[in-house]
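Note sheet for the following structure.
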Amino acid sequence: MARVTRDDVARVAGTSTAVVSYVINNGPRPVAPATRARVLAAVEELGYRPNRVAQAMARRRTDLLGMVVPDARQPFFAGLAHAVEQAAAEHGRLLLIGNSDYADEREAHYIRAFLGMQVDGLILVTQDPAAPGLTGFDSADGTPVVLLHHRSESVGGVAVVADDEGGAREVVRHLLGHGHAEVHCFGGTLALSPLDPVSGRTAGWAAALAEAGLATAGRLVPAPFDRVRAHAEALALLGRPDRPSAVFCATDDQAIGLLRAADDLGIRVPEDLAVAGFDDIAEAVIAGPALTTVTTAQDEMARAALELVLGGPEHRSAGARTFPARLVVRRSCGCPADRPGRPPGADGQFSWKPASTG
């Protein structure tokens, strides 16, 4: 069967091929509603499919964007990728996604592959902005690149991030406000780059403890970022005779692993253990109990990343565009249910006694 062409659509719709182009591409010129309806009816009748490759060659633009994430199976990165995909669709772009699996060479592979496909831009959620795969490629062919969720001193320094340190400081202050003499940090590690989001969250935890005159020594507990492996580390932490009465988790996934470990050990949350996370993934609401956490402006950050990628060099000045992070209070910290954002004792209607560590 011969391929249906734009000429065929124009003949059936009774219009010119230029008008067919305006309808299919949503411009650059407006088309009367009745004419648009005839063109779309002809497209449907004939089963016409635009040749995107030919269009890309003619316009010197592929309408493709590449995005690399560490692991799209993790709810936070899945939500972030979905937000970017929605923002890309608003700009008439298709999004290609690659998973680096936290491996520099795999990340570099996807970067090369997407550049080879001549994407219009790259959005990278990288685990190491100083990795060899990232260095210098932005200036090599002019492809615009924006880092999302992670700060960088390379790739032109263009990044869209959340206030990880400020958000962590706020949630740890909230835990301390419940009267805990110490708050452990679960999921942080001193080995991460200082530009990593988790490093910022660890710094916020440490700052909140310092403000309260509390030490951090021995209270930073490295843990994997997925809930299954974090669960194993949490069993070790909570199984200690000197287990903490409060834990701030660097991510909600880690917090969910820790909540499961507490349940396995018969530790009641929040009566015996206060828990808070960071990211406000969808499952935080239905965790047992509902998880106090920190939410970030994920949709707004995705749109900002798209605008930076597509807006031209003059819009990509070096530096990080930082979005606020906000405390979301639920039951896991010890607050009553349905009291978002209210610290303990804010209205005098309830009091809090430090949890037992026995």
Side-chain angles (χ1 to χ4, degrees), residues 64-91 93-102 104 106-108 110-111 114-115 119-131 133-135 137-138 143-167 192-201 225 250-253 278-281 294-313 315-326:
L64 298 174
L65 297 173
M67 181 178 186
V68 182
V69 298
D71 187 352
R73 294 171 300 182
Q74 292 187 26
F76 173 76
F77 294 125
L80 194 60
H82 184 268
V84 172
E85 182 182 27
Q86 293 295 104
E90 292 171 7
H91 288 271
R93 301 297 205 274
L94 294 175
L95 185 68
L96 307 174
I97 299 176
N99 288 271
S100 70
D101 292 330
Y102 294 98
D104 291 343
R106 190 167 178 82
E107 182 173 88
Y110 276 114
I111 290 172
F114 289 155
L115 291 176
V119 294
D120 296 333
L122 281 170
I123 295 175
L124 304 180
V125 185
T126 178
Q127 70 275 5
D128 184 4
L134 293 179
T135 306
F137 75 86
D138 181 41
T143 302
V145 180
V146 171
L147 294 187
L148 179 59
H149 178 60
H150 205 312
R151 301 175 191 276
S152 175
E153 293 176 350
S154 61
V155 196
V158 182
V160 176
V161 299
D163 181 9
D164 295 290
E165 183 172 344
L192 289 172
S193 160
L195 301 173
D196 189 283
V198 171
S199 294
R201 297 171 190 183
F225 292 118
T251 72
D252 285 352
D253 246 23
F278 201 114
D279 287 332
D280 197 25
I281 63 175
V294 176
T295 188
T296 56
Q298 200 172 78
D299 291 341
E300 290 83 355
M301 289 171 64
R303 292 192 183 96
L306 258 293
E307 290 168 3
L308 288 169
V309 163
L310 301 176
H315 297 284
R316 289 192 295 277
S317 56
R321 182 174 176 184
T322 304
F323 283 76
R326 179 176 58 84

Point-to-point distance, once rounded to the nearest 0.5 Å, from CG of D280 to CZ of R326 = 7.5 Å
Working to the nearest 0.5 Å, report the span between CG of L308 and CG of L147.
-> 11.0 Å
Table please: side-chain donor-acceptor pairs of residues 77-91 below 3.5 Å, with sequence neighbours left out.
none

L124 and I111, any side-chain heavy atoms less than 4.5 Å apart | yes
Would you check if D253 and F225 make a side-chain contact, meaning some heavy-atom pair closer than 4.5 Å?
-> no
Can you check whether F278's main-chain N or O pairs, donor with acceptor, with D252's side chain at less than 3.5 Å?
-> yes
Can you name the residues that form a side chain to side chain contact (heavy atoms under 4.5 Å, CB included) with F114, not counting sequence neighbours?
-> V68, L96, Y110, M117, V119, L122
Compare every heavy atom of V198 with every heavy atom of D196, then report the nearest pair and how far apart it is.
-> OD1-N, 2.8 Å
Partners of A305 by side chain to side chain contact (heavy atoms under 4.5 Å, CB included), sequence neighbours excluded?
-> I123, V146, L148, V160
Could you state the interatomic distance from CE (M301) to CG (L306), rounded to the nearest 0.5 Å?
-> 13.0 Å
Of V309, L310, L64, the one forming a side-chain contact (heavy atoms from CB on, under 4.5 Å) with R93 is L310
Calculate, to the nearest 0.5 Å, the distance between atoms CG and CG belonging to L65 and L94 respectively.
-> 8.5 Å
Would you call R201 and D279 a salt bridge, using N to O less than 4.0 angstrom?
-> yes
Do the side chains of V125 and H150 get nearer than 4.5 Å, heavy atoms only?
-> no
State, to 0.1 Å, how close P70 and S100 come at their nearest heavy-atom pair, and which atoms those are.
-> CA-OG, 3.3 Å
Rounded to the nearest 0.5 Å, the OG1 atom of T296 sits from the CG atom of D163 at a distance of 10.5 Å
